[in-house]
Amino acid sequence: MTEASRGALFALGAYGFWGIAPIYFIWVDYASADEVLVHRVVWSVVVLAVLVSYTRQWRAFVAVLREPSQLRWLALSSVLIAFNWLIFIWALQNGRMVETSLGYYINPLVNVALGFAFLGERLRGLQWLALALACVGVVNEIANVGSFPWIGLSLAFSFGTYGLVRKRVGVNSVLGLAIETVLLAPVALAYFIWLRATGVTAFGAGDVGRDLALVLAGLVTTVPLVWFAAAAMRLSLTVLGFFQYLAPSMVLLLAIFVYDEPFRAGQVVTFGCIWTALLIFSIAALYDRRRMSRFSDRI
């Protein structure tokens with residue numbers, strides 16, 4: 001098997017896992033969204049500590065902790081990812097899975113807009129058209145469906161901004177998430193102690209099966225991340241980008257056919273605009289890649 005084939009399998013595994021992850025978070029809805037977030041942070045620290053040990057990255061881990069500028073950026077990215085996780089979990093537990101899929105469909109277009117706004121990246125005609133269509137989809141959601149898609153936009157912009165910040169730091173995904181969760185862990189543990197004191201936690205209530213299910217939050221968080229990192233090492237960003245539509249598509253199918261969430265007529269227009277925008281965006285990405293390849297061959 002070639003490295004590209006391995007990369008494709010890892011990408012399918014990562015995005016496929018993220019596509020079915022909602023099943024887990026709905027399964028543990030006996031715990032509130034904020035408590036699930038606490039477990040996601042705390043048990044991820046444990047799993048990531050094992051991974052950092054296995055990959056022998058402790059020296060790099062300590063080096064980042066000793067670098068104030070990188071640590072400040074990672075502190076900001078930790079807040080962004082915690083906010084993203086909390087919105088995601090809350091939406092799933094409250095029957096808003098369709099909106100979460102919308103958010104992750106929009107995310108690639110948000111990344112382009114953020115690159116234009118903060119990194120000085122140029123947008124070409126097709127990319128402008130894709131962004132315009134995405135905006136039309138959002139306006140349609142407000143005008144015809146009658147609701148502002150705050151969940152989808154919150155997920156898209158928080159994750160997009162998270163990616164922007166992480167690009168500024170420049171540490172690999174496993175090491176970066178390890179540091180982020182370590183930074184979040186004291187706050188998460190303090191909040192969990194407060195929840196226990198007020199008697200509103202599901203963990204430790206006497207049901208071992210439920211406790212173990214919450215412990216799995218660490219694996220649910222880290223396993224697809226490791227697969228994604230393995231895919232990113234073997235595939236170009238353009239190729240990897242095509243796999244990212246798998247996860248929201250699976251989430252949308254789960255929402256409609258498994259969890260019976262309503263998919264209103266007005267939302268067909270919303271998603272139609274977003275899907276068309278993504279198609280145009282993908283065509284533009286392929287065109288740019290081939291043009292750069294031809295330019296390199298001439299050199």
Side-chain angles (χ1 to χ4, degrees), residues 15-23 25-26 29 33 80-81 83-117 123-164 240-287:
Y15 286 108
F17 197 110
W18 281 323
I20 62 172
I23 296 173
F25 291 107
I26 294 173
D29 66 358
L80 289 168
I81 197 61
F83 174 77
N84 180 273
W85 286 350
L86 181 61
I87 295 295
F88 180 70
I89 297 166
W90 182 90
L92 294 176
Q93 292 187 349
N94 287 272
R96 311 286 285 274
M97 197 184 300
V98 170
E99 285 189 59
T100 66
S101 70
L102 177 65
Y104 289 111
Y105 275 127
I106 294 174
N107 182 243
L109 302 172
V110 168
N111 289 340
V112 172
L114 291 173
F116 172 77
L123 298 184
R124 295 179 175 85
L126 287 177
Q127 291 174 320
W128 281 114
L129 178 59
L131 288 175
L133 277 172
C135 291
V136 170
V138 172
V139 170
N140 175 77
E141 189 76 4
I142 298 171
N144 294 329
V145 181
S147 63
F148 182 75
W150 68 270
I151 291 174
L153 292 176
S154 295
L155 290 172
F157 276 94
S158 61
F159 198 70
T161 308
Y162 170 78
L164 187 68
L240 190 62
F242 286 107
F243 285 96
Q244 68 187 327
Y245 306 130
L246 175 64
S249 298
M250 292 176 66
V251 172
L252 182 62
L253 292 174
L254 278 175
I256 297 171
F257 296 107
V258 177
Y259 293 100
D260 297 321
E261 281 195 25
F263 191 69
R264 297 180 293 274
Q267 287 180 303
V268 174
V269 177
T270 298
F271 278 83
C273 289
I274 301 299
W275 290 331
T276 304
L278 291 174
L279 177 62
I280 293 171
F281 174 76
S282 300
I283 291 171
L286 275 177
Y287 173 77

Is there a side-chain contact between [X] and [Y], using heavy atoms and a 4.5 Å cut-off?
X      : Y      : result
Val138 : Thr270 : no
Pro108 : Leu278 : yes
Phe281 : Leu109 : yes
Ile26  : Gln93  : no
Thr100 : Pro22  : no
Leu252 : Phe263 : yes
Leu80  : Phe159 : no
Ile256 : Glu261 : no

Kindly say whether the aromatic ring centers of Tyr15 and Trp18 come within a distance under 6.0 Å. yes

Residues passing the side-chain contact (heavy atoms from CB on, under 4.5 Å) test with Ser249, sequence neighbours excluded, are Tyr105

Ring pair (Phe, Tyr, Trp, His ring centres under 6.0 Å) for Trp128 and Phe116? Distances and angles first, verdict last. CA-CA 11 Å; Trp128 281 114; Phe116 172 77; 5.2 Å; yes

Within this structure, what is the [atom1]-[atom2] distance for the pair [X] and [Y], rounded to the nearest 0.5 Å?
X      : Y      : atom1 : atom2 : value
Ile280 : Leu126 : CD1   : CG    : 7.0 Å
Ser154 : Glu99  : OG    : CD    : 9.5 Å
Leu102 : Arg96  : CG    : CZ    : 11.5 Å
Ile20  : Leu254 : CD1   : CG    : 8.5 Å
Met97  : Leu253 : CE    : CG    : 11.0 Å
Tyr162 : Ile81  : OH    : CD1   : 5.0 Å

Neighbour count above 12 (heavy atom, 6.0 Å) for Phe88 CZ: yes

If you count heavy atoms of other groups shown closer than 6.0 angstrom to CZ of Phe17, is the number above 12? yes

Atom of [X], atom of [Y] and distance for their closest heavy-atom approach:
X      : Y      : value
Ile142 : Pro149 : CG1-CD, 3.9 Å
Ala130 : Ala277 : O-CB, 3.2 Å
Val251 : Ser101 : CG1-CB, 3.9 Å
Asn140 : Gly266 : ND2-O, 2.8 Å
Asn111 : Gly160 : OD1-CA, 3.3 Å

Tell me whether the rings of Trp275 and Phe271 are parallel (<30°), tilted (30 to 60°) or perpendicular (>60°). tilted

Evaluate the side-chain contact (heavy atoms from CB on, under 4.5 Å) criterion for residues Ile87 and Phe83: first the C-alpha distance (whole Å), next the side-chain angles of each, then the deciding distance (0.1 Å), finally the verdict. CA-CA 6 Å; Ile87 295 295; Phe83 174 77; 3.8 Å; yes

Donor-acceptor pair, [X] side chain versus [Y] backbone, under 3.5 Å?
X      : Y      : value
Asn107 : Ala156 : yes
Thr161 : Ser158 : no
Asn94  : Trp90  : yes

